[in-house]
Structure formats: C-alpha cells, structure tokens
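Because only heavy atoms are used, hydrogens play no part in the values below, and waters and symmetry mates are left out as well, while side chains stay in.
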Amino acid sequence: MSPLTSPLHDRHLAAGAKLADFGGWSMPIEYAGGGVISEHTAVREGVGLFDVSHLGTGTVRGPGAAAFVDSCLTNDLSRIGPGQAQYTLCCRPDGEEHAGGVVDDLIVYLHGPDDVLLVPNAANAAEVLARLAAAAPAGVTVTDRHTEVAVLALQGPRSAEVLAAVGLPGELDYMAFADTPGRDGDEVTVCRTGYTGEHGYELLVAAERAGALWDALLAAGEPEQIRPCGLGSRDTLRTEMGYPLHGHELSVDISPVQARAGWAVGWKKDAFWGREALTAERTAGPVRQLWGLRAPGRGIPRPGMAVLDADGARVGEVTSGTFSPTLRAGIALALLDTAAEPTPGLELAVDVRGRTSPVEVVKPPFVPSHVR
C-alpha cells in the first residue's frame, strides 16, 4: 500500500525535501539547502515551521463526551477547562494482555463537556479512535478526521512574532488554545504546544487551506529567517528534551510508570484504562525506568544498543539515540534496570557491535526547556 501524503506534499517536493515513511505517511525528514543541524538550530535560536499533518485528529462529541474520554484516558480532565489542552495516554485496559501498556500518547483539546478533539500519533490514531468508539455510550460519537485536518507546528523563540504577522493570536498560556479566523476567513485552531522544548504553537486547519497557511507563515517569517523543518530535526529536538516517542520510550510493553510519565496519570481518578495494573506497578516500583545517557567522546548511542555496567553486565537498552546539535555530543534515552541503582553521574557503557563506548547517566532534559 502506498503511503498517504500530506496536503503540503507538493510544496515539500518543490522545496527539495527528503521524504520517508512515518506511520504510513510520506513526510519530510529534511529540506535541501539546510539539513537536520541547520533546521534544529533554527528552532533553538529563531523559528522553524513543521508539517506534522501525519498526526491523527478525531472528535468525540455528544452528551458527557468529556467525562467519557476522562474515564478512558489516563490524565485527569478535571484539571483543565474549556480552551485548554492536555497531554494524556491511552493504555490497554485491565484484563487485556499487557494491561497498562501504552497504546498511544496524545493531546486532548477540551472545547466543552460535550466536545473533545483528540490528536494521537499517525500509526496509532485508528486504534485509539476504534477503542473509544467501541466503548462510547449511546449518544456519544467518535469521528476520525485524520485526512480532513492538517497540523502545522511553528516552533522557536521568534514564533510569536511570525504568528502575529499573519494575524493569529500568540498571547496564550502554555497548553491553551483558541479557535480564530485566519486571513482567508477559515477557522484555525492555535494551541501553545509543541514537541521541541521551545516556545511554540501547533496550528490545526482544514486540509484544503493548509497550503495557504504554510505559504503565509513562511512569507511572514522571512525577516526572522524562518526555515521549513523536517521530522529529522523534530527528533533531535525532542530527544534533547527527553520527550518520549511512541514505539521507543512508550509502547504496549513500556508503561507510563517505566517511562516517567506518571505525571500524566490521574492516580486519584476512579477509572481509566489500565488503572489497576498501573497502580500495582507504581506501588511495587518498576523493574526498569527511563534515564538519559550522554557520551563524553565521539560515540553516538543508537536505539537497541545494550547498556552495560562496569562489569560488562547488561543493565538496560537504548530506546532513542542521536547526535545533539546543541551539546555537540551523543545523547540517548534508555530504559535501565532499577536493580542497577542508576543515578546521575553514574558511568556506564553501550555495546557498539561488540565494542564498549562510555556514557554517563543524566536525568533529562539535556538542555533547558523554554516552553513556558
């Protein structure tokens, strides 16, 4: 089956983008004339624009829709009000194999008690929405809008200036959103969220209007030296922040407790999928937990590499690894056995095809966060 394409696919081709499959979608990794490091630096120091339309979108609407979603997903929707968004997790229910394992992590946009918008990851969107649809009470409708809505991410310390230049609101609290008319009158949802660790926004717009918004943002950002950015730099940016990626730091085999995502679990809620399994794991303590690794030399840890202690015994595995353009060093996220008592500063090693390469345990983020 051919991969799906973004509404901006033609623009990516015209810009010389290198494309790859992401969750069944053909998306840009990087653009000609720059590359991952240049795009990464643009976001850390100025402003970058990402097409993340491979992310899913779906609505849950009807009487008590928000309460229903709250009874399924881990985070506590009562912590926020209409016009706010929340990071949460869809876990496997108790009684199911791998109960408490993460089906996906996603953002919930709360419009009101009867109207919720969900933004899951591309590869898992269909399963998340199918699970919700199967569990929905009478009167609550779950609608997949994946191909109807485009998602753009404007990220970096100069992002507010670019947003203002196209007439969209930027004075929003972190994780707040506003539905507002764009220049052409079509509605744009602007949310103060992102996946880079910088001040930024995610913009949801009808797929047929995505091109006009993309063009307007790039034109308005010229004075700020805006760059279109691919998913390669999105990965280096999120790894520097220690943000999880589903399939790496979160999965049906990796629980929120192991991934240090317990902050996104409403432990006092009466119900959510996987509550009993996760509460039991939290009480007993996880057998492994997510940490950061930094390479002091030229080595770059890569996913799947074994992490070794001073005696050469395996004590964990790298889940994500890359070269950090900010630190000019190799960094990684890794699940380490709690029995090994990892602490910041502990010296370990990774197995690089039979050769050991030293690393130091750190607690992410690797660089300061500027999201707020």
Side-chain angles (χ1 to χ4, degrees), residues 22-24 54-60 64-79 85-110 116-137 140-144 146 243-290 303-304 316-317 319-320 333-338:
F22 282 83
H54 63 304
L55 296 178
T57 46
T59 55
V60 185
F68 161 63
V69 169
D70 191 43
S71 72
C72 300
L73 307 184
T74 60
N75 214 333
D76 187 349
L77 270 180
S78 70
R79 295 173 180 170
Q86 185 182 70
Y87 177 83
T88 190
L89 303 158
C90 174
C91 292
R92 286 196 173 182
D94 293 302
E96 196 172 290
E97 187 179 9
H98 301 295
V102 181
V103 175
D104 201 16
D105 59 335
L106 60 156
I107 301 291
V108 174
Y109 289 66
L110 181 61
V116 174
L117 174 72
L118 307 177
V119 181
N121 288 295
N124 308 314
E127 181 177 356
V128 170
L129 296 177
R131 284 176 175 268
L132 289 168
V140 172
T141 302
V142 180
T143 304
D144 188 343
H146 203 156
Y243 292 160
L245 176 64
H246 193 275
H248 291 252
E249 289 74 42
L250 295 166
S251 74
V252 294
D253 298 313
I254 306 172
S255 74
V257 179
Q258 297 170 26
R260 293 186 185 273
W263 60 269
V265 178
W267 296 106
K268 295 181 180 180
K269 292 200 309 180
D270 292 333
F272 58 86
W273 289 339
R275 183 179 186 275
E276 291 182 11
L278 291 174
T279 300
E281 183 180 32
R282 183 191 188 208
T283 300
V287 296
R288 56 182 184 171
Q289 199 159 42
L290 194 68
E317 182 175 317
T319 55
S320 293
L333 299 173
L335 284 167
L336 302 181
D337 298 342
T338 52

Measure the [atom1]-[atom2] distance between [X] and [Y] for me, rounded to the nearest 0.5 Å.
{"X": "H248", "Y": "L290", "atom1": "NE2", "atom2": "CG", "result": "12.5 Å"}
{"X": "R260", "Y": "Q289", "atom1": "CZ", "atom2": "CD", "result": "4.0 Å"}
{"X": "E249", "Y": "L333", "atom1": "CD", "atom2": "CG", "result": "4.5 Å"}
{"X": "L250", "Y": "C90", "atom1": "CG", "atom2": "SG", "result": "12.0 Å"}
{"X": "D105", "Y": "Y243", "atom1": "CG", "atom2": "OH", "result": "12.5 Å"}
{"X": "Q258", "Y": "L336", "atom1": "CD", "atom2": "CG", "result": "12.0 Å"}

Partners of [X] by side-chain contact (heavy atoms from CB on, under 4.5 Å), sequence neighbours excluded?
{"X": "T143", "value": "T59, T141, R145"}
{"X": "N75", "value": "R79, Q86, T88, A264"}
{"X": "R275", "value": "D94, F272, T279"}

For residues [X] and [Y], determine if any side-chain heavy atom of one lies less than 4.5 Å from a side-chain heavy atom of the other.
{"X": "L106", "Y": "V119", "result": "no"}
{"X": "R92", "Y": "V103", "result": "yes"}
{"X": "H98", "Y": "S251", "result": "no"}
{"X": "L89", "Y": "D104", "result": "no"}

If you count every heavy atom of other residues, nucleotides or ligands that lies below 6.0 Å from E276 atom CD, does the total exceed 12? no

Are there more than 12 heavy atoms of other residues, nucleotides or ligands under 6.0 Å from atom CG of D253? yes

Check step by step if side chain to side chain contact (heavy atoms under 4.5 Å, CB included) holds for V102 and I254. CA-CA 7 Å; V102 181; I254 306 172; over 6 Å; no

Taking the six-membered ring for Trp, are H54 and F22 parallel (under 30°), tilted (30 to 60°) or perpendicular (over 60°)? perpendicular

Between A99 and G95 the two heavy atoms that sit nearest each other are CB-N, 4.3 Å

Carboxylate-amine/guanidinium proximity below 4.0 Å for D76 and K268: no

